[in-house]
Amino acid sequence: MSDTAVTESDFDTRTRLLEAAGPVFASSGYDRATVREICAAADGVNIASVGYYFGDKMGLYREVIRGIRDSRERRFPTPQSELSDPTEVLRAIVRTLLSRILADDPTGWESQLMMREMQNPTPVFDELIREFFQPLFQRLKRSLHDLTTEAVDEHVIDQLALSVVGQCVYHKFGAKVIEILIPATERKKHFSIETLVEHISAVTLSALAHTKSHGVVAPPQL
């Protein structure tokens, strides 16, 4: 058998495991999902293949989460320095956050799995936050600093940044509540990503102006 054939076979087996594992983890959760179940869903891949390609079940799970993360990062990259207007930077960051959180998921399992991970963290959670979320969070904090003309306590910037994140996340975790409270016609008209970007940005700018007007500033450096 040629090296090319071996490589193609390895790629096919690894891909089948990843494609099968995602829906199983999403449906059962990491703890209840079994390697046997995943291999059966991958058209009867040998159970030993999980250890060969991923080390163990956690290694496979980590690669599934990483795949979702990488896909959303490619679709919705962290805004860099191409925008000069701090307000537009803020809007771009809010748009990226909302887009990543509310990204279309035709299969449904990706969003379900990410919500499971947020609600019941595994050892992958720390990596997910540090590598996927933290760069965007730091970019958000820099944009808030750029929007003020005076020194503001860092904890105030942290609170404002987390407030932005909280508003974005709620539209995912609170989707069922929103469906009950807000009529479908109103959701369609006023709850698109772009209208939410404008609303969340306006609330944040108002909060920042309130912070500045009330003199919440950093202490002088000694």
Side-chain angles (χ1 to χ4, degrees), residues 7-78 93 96-140 158 161-180 193:
T7 300
E8 290 175 350
S9 176
D10 286 348
F11 177 80
D12 178 63
T13 301
R14 189 176 189 278
T15 300
R16 283 158 60 195
L17 282 169
L18 287 170
E19 290 177 346
V24 173
F25 283 132
S27 175
S28 302
Y30 174 78
D31 288 336
R32 294 177 59 193
T34 67
V35 169
R36 184 177 300 277
E37 180 183 9
I38 291 167
C39 290
D43 296 327
V45 168
N46 191 300
I47 290 177
S49 297
V50 171
Y52 178 77
Y53 291 107
F54 304 102
D56 54 17
K57 186 174 79 166
M58 177 54 70
L60 174 57
Y61 181 78
R62 179 176 281 106
E63 284 301 311
V64 171
I65 293 291
R66 187 173 291 160
I68 299 172
R69 183 196 75 193
D70 291 348
S71 173
R72 296 192 180 189
E73 280 186 331
R74 287 192 298 269
R75 290 176 64 189
F76 313 109
T78 299
I93 294 169
T96 300
L97 271 169
L98 283 168
S99 297
R100 287 185 182 181
I101 293 168
L102 303 177
D104 292 335
D105 178 9
T107 66
W109 69 261
E110 289 187 3
S111 295
Q112 184 182 3
L113 180 55
M114 294 297 276
M115 289 182 71
R116 274 189 180 277
E117 181 62 29
M118 293 292 289
Q119 294 170 330
N120 299 287
T122 69
V124 175
F125 187 74
D126 185 77
E127 175 186 321
L128 178 66
I129 296 301
R130 293 185 185 281
E131 296 185 6
F132 180 58
F133 178 69
Q134 192 169 37
L136 188 57
F137 184 72
Q138 294 299 328
R139 187 70 185 90
L140 172 59
D158 287 336
L162 288 171
S163 177
V164 170
V165 174
Q167 291 178 79
C168 294
V169 168
Y170 184 75
H171 287 279
K172 184 66 174 183
F173 284 86
K176 293 298 182 183
V177 175
I178 294 171
E179 286 179 11
I180 294 171
I193 284 181

A.B. asks: What's the separation between atom CZ in Arg75 and atom CG in Asp104, rounded to the nearest 0.5 Å?
C.D. replies: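 With rounding to 0.5 Å, CZ (Arg75) is 6.0 Å from CG (Asp104).
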A.B. asks: With rounding to the nearest 0.5 angstrom, report the CD1 to OG1 distance, Ile101 to Thr96.
C.D. replies: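 One gets 10.5 Å once the value is rounded to the nearest 0.5 Å.
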A.B. asks: Please walk me through it: do Phe132 and Ile68 pass side-chain contact (heavy atoms from CB on, under 4.5 Å)?
C.D. replies: CA-CA 10 Å; Phe132 180 58; Ile68 299 172; over 6 Å; no
A.B. asks: Could you go step by step and tell me if Phe133 and Leu97 meet the side-chain contact (heavy atoms from CB on, under 4.5 Å) rule?
C.D. replies: CA-CA 9 Å; Phe133 178 69; Leu97 271 169; 3.9 Å; yes
A.B. asks: Could you walk me through whether Leu18 and Leu60 pass the side-chain contact (heavy atoms from CB on, under 4.5 Å) test, one step at a time?
C.D. replies: CA-CA 7 Å; Leu18 287 170; Leu60 174 57; 3.8 Å; yes
A.B. asks: Salt-bridged, Arg66 to Glu63, with N to O below 4.0 Å?
C.D. replies: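 A salt bridge is present here (some side-chain N lies under 4.0 Å from a carboxylate O).
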A.B. asks: Between CD1 of Ile47 and OG1 of Thr34, what distance do you get to the nearest 0.5 Å?
C.D. replies: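 Atom-to-atom, Ile47:CD1 and Thr34:OG1 are 8.0 Å apart.
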A.B. asks: What's the shortest heavy-atom distance between Ser28 and Arg32, and which atoms?
C.D. replies: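 In this case the closest contact between Ser28 and Arg32 is O-CB, 3.3 Å.
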A.B. asks: How far apart are the closest heavy atoms of Gly22 and Val64, and which atoms are they?
C.D. replies: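 Heavy atoms of Gly22 and Val64 come nearest at CA-CG1, 3.9 Å.
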A.B. asks: Would you say Asp70 and Glu73 make side-chain contact, with heavy atoms under 4.5 Å?
C.D. replies: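 Yes; the side chains approach each other to less than 4.5 Å.
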A.B. asks: Using a 3.5 Å distance criterion without hydrogens, assess whether the side chain of Arg100 forms a donor-acceptor pair with backbone atoms of Phe76.
C.D. replies: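 It does hold such a pair.
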A.B. asks: Please find the pair of heavy atoms, one from Ile65 and one from Val124, that lie closest to each other, and give the distance.
C.D. replies: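 Heavy atoms only, the tightest pair is CG2-CG1, 3.9 Å.
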A.B. asks: When you measure from the side chain of Lys172 to the backbone of Met115, do you find a donor-acceptor pair of N or O atoms at a distance under 3.5 Å?
C.D. replies: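 Not confirmed, Lys172 side chain does not pair with Met115 backbone.
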A.B. asks: Working to the nearest 0.5 Å, report the span between CD1 of Ile93 and SG of Cys168.
C.D. replies: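 Those atoms lie 10.5 Å apart.
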A.B. asks: How many angstroms lie between CG in Asn120 and CZ in Phe125, if you round to the nearest 0.5 Å?
C.D. replies: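 Spacing of CG (Asn120) from CZ (Phe125) equals 10.5 Å.
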A.B. asks: Are Arg69 and Glu117 within salt-bridge range, i.e. N to O under 4.0 Å?
C.D. replies: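 No.
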A.B. asks: Between Gln112 and Ala26, what is the shortest heavy-atom contact and its length?
C.D. replies: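 Distance-wise, the nearest heavy atoms are NE2-O, 3.0 Å.
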A.B. asks: Are the side chain of Arg116 and the backbone N or O of Ser27 linked by a donor-acceptor pair below 3.5 Å?
C.D. replies: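 Here the side-chain-to-backbone pair exists.
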A.B. asks: What is the distance from atom CD of Gln134 to atom CG of Leu128, rounded to the nearest 0.5 Å?
C.D. replies: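 Gln134 CD to Leu128 CG: 11.5 Å, rounded to 0.5 Å.
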A.B. asks: Can you classify the ring geometry of Tyr30 versus Phe25 as parallel (below 30°), tilted (30 to 60°) or perpendicular (above 60°)?
C.D. replies: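 Parallel, since the angle between the ring planes stays under 30°.
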A.B. asks: Indicate yes or no: at least one non-hydrogen side-chain atom of Leu17 is less than 4.5 angstrom from one of Tyr52.
C.D. replies: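 A side-chain contact under 4.5 Å is absent here.
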